[in-house]
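Beneath this line is the structure, given in structure tokens, with notes to follow.
Naming: A, B, ... by sequence-line order, numbering from 1 per chain.
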Amino acid sequence: MVKMQIIKERTPMPVQDPKERGQNFSEVALGFTEEMALQEAKRCLKCKNRACVKGCPVEVPIPEFIALINEKDYRGAINKIKEKNVLPAICGRVCPQENQCEKFCTLGKIKESKPVGIGRLERFVADWDMEHPEDIPEGAFCEDTEEKIKVAIIGAGPAGLTCAGELAAKGYDVTIFEAFHKTGGVLVYGIPEFRLPKEIVRKEINKLRDCGVKLETNKVIGQILTLEDLRQKGFKAFFVAVGAGLPIFLDIPGTELNGVLSANEILTRVNLMKAYDPEYDTPVERAKKVAVIGGGNVAMDSARTALRLGAEKVIVVYRRSEKELPARHEEYEHAVEEGIEFHFLRNPTKIIGGEDGFVKGLEVVKMELGEPDASGRRRPIVQPNTEYILDVDLVVMAIGARANPLFTSQTEGLKLNKWGYIEVNDELQTSLPDTFSGGDIVTGSATVISAMGAGKQAAYGIHDYLQKQITE
Amino acid sequence: MGHKIISKTFLNPEHSVFELIIKAPQIAQKASGGNFLILRIDEKGERFPLTVADYNREEGTITMVVMAIGKSTTQLAKLEVGEEIMDLVGPLGKKAHIKKFPNPVVLVGGGVGIAPIYPQAKELKEAGNEIIIILGARTANLLFWKEKFDIIADEVIITTDDGTIGRKGLVTHVLEEIITSRPISQVIAIGPLIMMKFVALLTNGSKEGVPKVPTTVSLNTIMVDGTGMCGGCRFQQLDGGTKYACVDGPDVDGHNVDFDNLLKRNSRFLRVEKVRLSHYNEKCRAEAKFCEENEGEEF
């Protein structure tokens with residue numbers, strides 16, 4: 001047997017210069033060249049237990065696709081990924097791989113060795129695929145059946161798109177209804193251009209369209225059409241993936257001031273509505289000094305967006321320490337490189353406004369970490385009388401969202417939990433037998449890949465349900 | 001796939017207020033009084049809300065009355081019959097609560113707010129209510145739709161600031177006379193924030209000799225998505241809570257709205273809005289001049 005050579009160092013990802021990229025909205029991480037991809041693919045140990053696959057919510061056959069990269073069979077590699085993942089160019093960019101596949105990589109368990117850059121390789125082949133569209137045989141991923149059963153998907157975010165892809169491949173007639181004028185959900189309104197170019201999202205969605213998935217934008221289901229209306233139009237099953245809802249604002253004085261806005265709002269204005277481009281009509285605050293409250297990926301995205309809108313100083317205020325920061329480490333590193341300041345162990349207590357109703361400052365208090373709480377993280381405790389004021393003129397709240405009542409309040413018989421999220425069983429079926437649900441409207445704010453996992457699982461659930469209906 | 005403009009009628013000599021009828025069959029089936037729509041004129045346009053002013057389910061049309069005040073509404077005013085609005089979403093927000101009330105309902109419309117009280121008046125009348133309409137305008141030229149209300153209302157009273165038509169004075173003077181002289185079940189007020197504020201102050205039971213009358217107002221806040229996601233439309237309630245106009249409204253209990261805060265919140269983009277409008281106007285003038293100078297030339 002040939003002994004595998006262990007290469008401990010991972011191939012670095014080329015990135016845009018931090019100083020330069022703080023001034024533009026172009027993608028930060030530039031992607032591997034073929035040479036880099038081959039160098040990185042060589043590191044995979046091809047281990048038998050495939051621990052990495054167990055860490056992936058959609059079970060991408062990781063060692064297999066990497067082996068195909070080694071053989072320079074990029075078409076084979078992308079097809080291998082697509083067996084399990086309909087949005088690889090997106091996942092390769094925004095998945096928290098360090099907590100999923102890469103966390104379980106055997107190479108990462110070896111002393112002083114780093115796991116294989118699985119996400120970077122996935123991105124490489126997905127991008128290669130987009131640059132070589134002529135190679136795709138028509139209808140490669142969809143079966144055609146004679147009488148197609150109609151399935152409706154509510155919400156064109158990662159959960160809905162994945163579910164649509166899976167169901168279309170199984171031969172269903174799938175229509176996605178989207179509330180916005182553009183499809184993609186959080187991929188277009190939430191995640192910034194510099195992390196996920198909208199062109200990539202558009203191309204991935206176009207591939208679904210090529211498979212026969214219909215997309216209806218500007219349709220708020222529950223308002224313009226109810227589930228009952230859709231049943232009457234012949235839809236036999238539903239997947240509800242309406243995503244995030246009402247943003248949470250800290251319950252402190254001053255949240256009503258102008259210049260206090262949710263992360264959802266600043267991100268939607270900038271990403272979906274292109275407010276950063278003077279050619280577009282949507283306005284957005286261009287503040288000099290900005291405080292972003294929160295420590296997740298959405299907080300990082302908001303801070304880096306504010307910087308690119310021209311802020312001289314951007315401070316992330318997080319109530320725990322650097323160690324507990326929920327954002328992806330890579331995003332945090334990128335933010336630090338770009339000059340975003342982090343004030344750890346600080347909690348906002350008051351937003352100060354001027355006579356005109358606009359923000360003038362943010363009062364924060366120092367915190368210390370106590371005993372671990374229910375989530376296992378050490379609970380932040382206020383240090384009394386340590387308040388001081390940060391000189392800022394914009395405060396962005398990136399502390400999550402509650403369930404959106406728009407669809408659920410208009411749908412009779414749909415069982416919700418006490419927080420207003422949709423209750424589902426193990427198959428993601430709701431209290432309405434023909435209706436399945438997944439993503440943020442079931443779990444609360446989570447990741448793109450977990451929503452995709454739900455979309456996939458729901459597709460299996462819907463397929464089983466519909467097959468049973470036919471045989472009965 | 002846009003939405004075609006079926007008719008455009010200017011409602012005042014200055015051409016700043018106009019009625020738009022848009023083809024939108026699906027929306028027309030579901031729209032009611034109290035609902036609003038979000039429009040995006042073209043690819044570079046912003047999303048902005050407009051309240052439903054009428055609907056025709058048979059014809060499949062939606063009517064809105066707009067005041068050209070910012071860049072987007074000015075651009076909308078320039079669109080001609082046959083042209084399309086790229087995106088139209090709705091109906092959004094809660095429908096007005098329509099039922100048979102024991103006593104008459106008074107509907108107060110001020111300025112362009114005259115239009116959105118029409119569908120509610122129509123629905124209340126159909127539900128068997130006696131309805132009294134108070135229409136307020138700055139001057140006679142700005143008053144519109146009186147004849148539409150004459151058909152459905154039991155009584156229509158006009159007020160203008162300068163007395164050029166109807167009674168000289170404010171809508172609140174007439175409203176006070178009505179609610180102090182006979183029992184009224186409900187007041188519905190739609191118009192400028194300042195008008196709604198004073199209507200709410202009059203009917204909230206705080207004024208001596210004036211009975212408390214339940215009052216709904218329609219809030220035209222700043223919005224992006226209109227579906228409860230951005231939080232831009234949030235408003236403070238006097239009892240301390242925060243609500244979202246897009247999903248909790250736009251029609252809400254007027255007695256519990258912190259109007260003073262909302263007046264400030266609505267000034268959020270005032271400065272940028274002015275700059276944007278003047279840029280747009282300059283561009284339009286330049287284009288018009290270019291066309292004039294090159295008249296007759298072939299392109």
Side-chain angles (χ1 to χ4, degrees), chain A residues 178-182 189-190 216-220 222-226 229 242-249 251 255-269 272-275 277-286 353 355-358 397 401-407 409, chain B residues 1 3 26-27 29-31 35 38 40-48 70-72 75 86-94 222-236 242 244 246-248 258 260-273 275-276 279-280:
Chain A
E178 166 58 39
F180 272 135
H181 54 268
K182 204 175 271 174
Y189 78 72
E216 289 218 30
T217 51
N218 292 325
K219 298 284 185 303
V220 181
Q223 298 281 109
I224 191 156
L225 292 165
T226 60
D229 293 330
V242 293
L246 303 168
I248 297 173
F249 289 88
D251 191 14
T255 54
E256 75 288 355
L257 292 163
N258 282 339
V260 179
L261 58 165
S262 72
N264 264 358
E265 181 170 358
I266 189 168
L267 292 174
T268 304
R269 286 182 182 278
L272 180 76
M273 305 309 297
K274 295 195 167 45
D277 183 342
E279 285 287 303
Y280 284 72
D281 287 342
T282 300
V284 70
E285 282 86 353
R286 288 176 183 268
E355 265 301 295
D356 56 359
F358 283 80
M397 302 253 183
R402 281 192 291 270
N404 193 328
L406 199 60
F407 173 81
S409 67
Chain B
M1 190 198 68
H3 293 268
Q26 227 177 346
I27 296 172
Q29 288 312 311
K30 292 288 174 104
N35 285 140
I38 283 193
R40 194 174 71 123
I41 300 174
D42 56 28
E43 187 52 44
K44 290 179 179 172
E46 64 182 328
R47 294 169 65 97
F48 62 99
K71 190 258 172 181
S72 295
Q75 188 187 354
M86 193 176 213
D87 296 296
L88 191 63
V89 201
L92 293 165
K94 291 193 167 137
I222 292 170
M223 292 182 185
V224 186
D225 59 292
T227 62
M229 221 191 66
C230 78
C233 68
R234 68 191 190 277
F235 64 95
Q236 299 301 113
T242 299
Y244 298 83
C246 71
V247 288
D248 296 317
D258 181 346
D260 294 334
N261 178 246
L262 198 51
L263 279 159
K264 283 183 182 165
R265 283 189 61 79
N266 271 11
S267 73
R268 183 175 156 193
F269 291 120
L270 220 54
R271 208 182 49 80
V272 261
E273 187 64 41
V275 174
R276 216 152 44 105
H279 282 173
Y280 177 70

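- Summarising the geometry, atom NE2 belonging to A:His181 is positioned 11.0 Å from atom CG belonging to B:Asp225; distances are rounded to the nearest 0.5 Å.
- Both the backbone and the side chain of B:Arg265 come within less than 4.5 Å of a heavy atom in chain A.
- Between B:Gln26 and A:Leu225, the shortest heavy-atom distance links the atoms NE2-CD1, 3.4 Å.
- Between A:Thr282 and B:Arg276, the closest heavy-atom pair is N-NH1, 4.5 Å.
- Residue A:Arg269 comes nearest to B:Ile222 through the heavy atom pair NH2-CG2, 3.5 Å, listed as atom of the first residue, atom of the second, then distance.
- To the nearest 0.5 Å, atoms NZ (A:Lys182) and CD (B:Glu43) are separated by 5.5 Å.
- For chain A, the option among B:Val272, B:Asp42, B:Asn261, B:Asn35 with the highest count of heavy-atom pairs below 4.5 Å is B:Asn261.
- Contact tally against chain B (heavy-atom pairs below 4.5 Å) for A:Pro278, A:Gly357, A:Gly222, A:Gly245: the top residue is A:Gly245.
- Looking at A:Phe358 and B:Lys264, their side chains never come closer than 4.5 Å, going by heavy atoms from C-beta outward.
- A 6.0 Å sphere centred on CG of A:Asp356 holds more than 12 heavy atoms belonging to other residues, nucleotides or ligands.
- Among B:Lys71, B:Glu273, B:His279, the residue with the largest count of heavy-atom pairs under 4.5 Å with chain A is B:Lys71.
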### Query
Yes or no on side-chain contact (heavy atoms from CB on, under 4.5 Å) for B:Phe269 and A:Glu285, after CA distance, side-chain angles and deciding distance?
CA-CA 8 Å; B:Phe269 291 120; A:Glu285 282 86 353; 3.8 Å; yes

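- Looking at every heavy atom in both residues, B:Lys30 comes nearest to A:Thr226 through NZ-N, 4.2 Å.
- We find the CG-CD1 distance between B:Leu92 and A:Ile224 to be 9.0 Å, quoted to the nearest 0.5 Å.
- Side-chain contact check for B:Gln29 versus A:Asp229: every heavy-atom pair is 4.5 Å or farther apart.
- With hydrogens and angles ignored, the 3.5 Å screen pairs a side-chain donor or acceptor of A:Asn264 with a backbone N or O of B:Met229.
- The salt bridge (Lys or Arg N to Asp or Glu O under 4.0 Å) check on A:Glu256 picks up nothing, with sequence neighbours excluded.
- Between the A:Gln223 side chain and the B:Pro91 main chain, a donor and an acceptor come within less than 3.5 Å of each other.
- Contact annotation for B:Thr242: neither backbone nor side-chain heavy atoms come within less than 4.5 Å of a heavy atom of chain A.
- Inter-residue side-chain proximity for A:Val260 and B:Arg234 is flagged as met; some heavy-atom pair is nearer than 4.5 Å.
- When B:Ile41, B:Asp258, B:Val224 are compared by the number of non-hydrogen pairs under 4.5 Å with chain A, B:Val224 comes out ahead.
- Scanning all heavy atoms of the two residues, the minimum distance from A:Ala179 to B:Thr227 falls at CB-CG2, 4.4 Å.
- In this structure A:Pro247 satisfies the side-chain contact (heavy atoms from CB on, under 4.5 Å) test together with A:Phe249, A:Ser262, B:Tyr244, sequence neighbours excluded.
- Listed here is the closest heavy atom pair of A:Asp281 and B:Ser72: OD2-OG, 4.3 Å.
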